[in-house]
Amino acid sequence: MDSNPEKTYNVKNVSEDLVDFYLYECMAKHDSCTCSRCVADIRAYALNNLPPRYVVSSAGNAFARARAMSTQAKADIIAAISNGINIVKKNPRHDL
Ligand SMILES: [Zn+2]
């Protein structure tokens, strides 16, 4: 018998949350286009260039854990986003 049937666990890639967390700050710093196509391209680029960081989470504790991550990991995430911004800036795929 499960003593706590309400409890559900998810496997979550916290890299996604962290990219979203820093994305707009980085885009503002780099004066990036913020249309939905460019945002999606930058997210995809950053996530393809970062190791996935899967954690088992129950109801929203994953992000708190992700934020406790090392400074180096944070720097890697910001660097991946910045590279994505530069690439999208050179080759924007939005319709003008
Ligand atoms: Zn754009």
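One-based numbering, in listed order, for ligands and for the atoms of each. Residue numbers count from 1 along this sequence.
Residue I81 comes nearest to C26 through the heavy atom pair CG2-CB, 3.6 Å, listed as atom of the first residue, atom of the second, then distance.
Under a hydrophobic-cluster definition in which Ile, Leu, Val, Met, Phe, Trp and Tyr are linked whenever side-chain heavy atoms come within less than 4.5 Å, directly or via other members, Y22 and Y24 are assigned to the same cluster.
Listed by chain and number, the protein N, O or S atoms at a distance under 2.8 Å from the Zn ion (ligand 1) are C33 SG, C35 SG, C38 SG, H94 ND1.
Partners of S32 under the side chain to side chain donor-acceptor pair (under 3.5 Å) rule, at least two apart in sequence or in another chain, do not exist in this structure. Annotation: side chain to side chain contact (heavy atoms under 4.5 Å, CB included) contacts of A73 (sequence neighbours excluded): R53, M69, S70.
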Next on the checklist: Apply side chain to side chain contact (heavy atoms under 4.5 Å, CB included) to residues V39 and M27 and explain how you reach the verdict.
Outcome noted: CA-CA 9 Å; V39 172; M27 288 173 72; 3.6 Å; yes
Identify all side-chain donor-acceptor contacts of residues 41-50 below 3.5 Å with residues at least two apart in sequence or on another chain.
from, atom 1, to, atom 2, distance (Å)
D41, OD1, R37, NE, 3.2
D41, OD1, R37, NH2, 3.3
D41, OD2, R37, NE, 3.3
R43, NE, D20, OD1, 2.8
R43, NH2, D20, OD1, 3.3
R43, NH2, D20, OD2, 3.4
N48, ND2, A44, O, 3.3
N49, ND2, Y45, O, 2.8

